Amino acid sequence: MVLPTAPDLSRRILHVDMDAFYAAVEQRDRPELRGKPVIVGADPQGGRGRGVVATASYEARRFGVGSAMPISQAWKACPDGVYLRPDMSKYAAVSSQVFDVLRRFTDQVEPVSIDEAFLDVTASLRAIGPAGQPPAATAEALALRLKEAIRGETQLTASVGLATSKMVAKVASEMRKPDGLVVVAAGQEAAFLAPLPVRRLWGVGPKMEESLLRLGIHTIGDLARTETAALARRLGSHAGFLQDLARGIDDRPVVAQGEAAKSIGQEHTFDADTDDRARLRKTLLELADAVARRVREHGLKARTITLKYRDERFKTVTRSHTVAEATDAGDSFFAEAWRLFEGVHGARRVRLLGIYASGFGPSQLGLFSPSTSVERDRVRDAVEERFGEGALTRASLLPRPASRGCDDTPPGPTDDRSRRLRR
Ligand code: TTP
Ligand code: MG
């Protein structure tokens, strides 16, 4: 089952990313191109061409050419480069060769793109080695073997990051490209990240980078040190999550292909740790509704509900409960999650809550008297499909009317999009 666990420093996660992938394949197949600036993408048409660069060999990158650059601009920067149109079927074939190699090391392979994957090798370190070889003594030895196996079978190089989490492994694999291997020792995550510019953090795009720079936050260490409440005022609900990442805390599991549908869940990190019961309850209600909606979208019903709970000291627990009858109703998810919450919530403030549904079976509407809560959820799905998410919401999730008594008219505009369903 795929469920996030507590931040676990015993995990060994690899991020593998092929170097200059399309260009490297072309240089491999045409030795005369080796050592030359090779640009794969649109036809430059002597500088008048439209379209963008898919990738550039490391030789071309020295001229400042890179992915997504307009091809006309690449031509200006590197007129003597070799320009090639992409051969997607060839790259796809090489990609599947690479993934075959990866899967010999572990079945826990999560593809990210055509040339990139996460591997959780924690268990394979304990098991026998690939193809009858003795097991690698360390994750680092395994990573070296894996790089060798890729090179041996494809004549291409990959860069690998090894760490205790996906995010840190991903940042590490980018550090020493091409043909790099960067190992971040367990416990050194925050120290490794601290000096790096914030844009290196996985999940910080150009816009977020701009906002952070404006706040005087330049390095990942700056981000980790900033007071969470102050950051949340500027960045909103992402602040807590981003800061966890900046501190090297990322317990997202590697989700092997085909396992993705085994659980459906959602989490929320509070901007500031909280013990406000009304807020905690409201968050669980929202999570339950969101998860139930996704379960219904998949045409499923779930028997197991799992609560993920992290307190202000980062102690994380997951508690599950399996019910006799599978359901896809937000109310039922909430009721279970709330009971589990009551069982784990103590004196400490709460940092994160998550709800996961699993134990799926196909959804079959009861022929007779489907429960009203399921019916209501279906009505809501239909309305949201038409008018957008949030078009209907629970009355208990509405902000209290500021100056009015409680009547049947919800606050705010009364167009169709904002008409609420009282419950
Ligand atoms: P990347 O792994 O991002 O780039 P890369 O492998 O070429 O270079 P690096 O050594 O930095 O990893 O992407 C993999 C392939 O995906 C790349 O070779 C071409 C394609 N691609 C595009 O077509 N457009 C893009 O904008 C990017 C980023 C990649
Ligand atoms: Mg790559």
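Fair warning: this is a prediction, and the values are worked out from it, not measured in the lab. Just so you know, ligand 1 is whichever comes first in the structure, and atom 1 is the first atom listed for that ligand.
Looking only at atom types and distance, the side chain of Ser159 has no donor-acceptor partner in the side chain of Asp17 under 3.5 Å away. Side chains of Thr122 and Asp120: a donor on one and an acceptor on the other come within 3.5 Å.
Taking 2.8 Å as the threshold, Asp19 does not count as a candidate ligand of the Mg ion (ligand 2), since none of its N, O or S atoms lies below it. The nearest N, O or S atom of Met18 is closer to the Mg ion (ligand 2) than 2.8 Å.
In terms of polar-atom proximity, defined here as any N/O pair under 3.5 Å, Asp115 does make such a contact with ligand 1. For ligand 1, the polar-atom distance check against Tyr58 finds a nitrogen or oxygen pair separated by under 3.5 Å. At under 3.5 Å, not a single nitrogen or oxygen of Ile114, backbone or side chain, sits near a nitrogen or oxygen of ligand 1. At least one N/O-N/O distance between Ala20 and ligand 1 falls below 3.5 Å.
Nearest N/O/S atom of Asp115 relative to the Mg ion (ligand 2): this is OD2. The atom of Asp17 that is an N, O or S and sits closest to the Mg ion (ligand 2) is OD1.
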Exercise for review: Check the pair Lys207 / Glu210 against salt bridge (charged side-chain N to carboxylate O under 4.0 Å, His left out), numbers first and verdict last.
Suggested key: CA-CA 5 Å; Lys207 265 195 163 163; Glu210 220 182 285; over 6 Å; no
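In summary, of the residues considered (Leu201, Leu215, Leu245), a side-chain contact (heavy atoms from CB on, under 4.5 Å) with Leu223 occurs for Leu201 alone.
In this structure, atom 8 (O) of ligand 1 is in close contact with the protein, since a protein heavy atom lies within 4.0 Å of it.
Heavy-atom contacts of Phe21 reach the following atoms of ligand 1: 5 (P), 6 (O), 7 (O), 18 (O) (cutoff under 4.0 Å). Every atom of ligand 1 is numbered from 1 in the order shown, and the set under 4.0 Å from a heavy atom of Ser67 is 25 (C), 26 (O), 27 (C), 28 (C). Each of the following atoms of ligand 1 lies closer than 4.0 Å to a heavy atom of Asp17: 2 (O), 12 (O). When each atom of ligand 1 is checked for a heavy atom of Arg61 under 4.0 Å away, the hits are 5 (P), 7 (O), 8 (O), 9 (P), 10 (O), 11 (O).
Remark: Asp179 engages Lys147 in a salt bridge, criterion side-chain N to carboxylate O under 4.0 Å. Salt bridge status for Arg145 with Glu148: absent, with no side-chain N to carboxylate O gap under 4.0 Å. Under 4.0 Å is where a charged nitrogen must lie from a carboxylate oxygen, and between Asp273 and Arg351 at least one such pair does. A salt bridge links Glu110 with Lys166: the distance from a Lys NZ or Arg NE/NH1/NH2 to an Asp or Glu carboxylate oxygen falls below 4.0 Å.
The closest approach between a heavy atom of Lys177 and any atom of ligand 1 is below 4.0 Å.
One option in Asp179, Val25, Thr55 has a heavy atom closer to atom 4 (O) of ligand 1 than any other, and that option is Thr55. Nearest-heavy-atom check against atom 21 (N) of ligand 1 across Ala158, Ser173, Ala54 picks out Ala54.
Closest to atom 18 (O) of ligand 1 among all protein heavy atoms lies Tyr22 N, 3.1 Å.
A distance-only check finds a donor-acceptor pair linking the side chain of Asp250 to the backbone of Met167 [under 3.5 Å]. Judged purely by atom type and a 3.5 angstrom limit, Arg349 has no side-chain atom pairing as donor or acceptor with the backbone of Ala272.
Of the heavy atoms in Met18, only backbone atoms (N, CA, C, O) come closer than 4.0 Å to ligand 1.
Note on ring orientation: taking the six-membered ring where Trp is involved, the planes of His345 and Phe341 are parallel (angle under 30°, cut-offs 30° and 60°).
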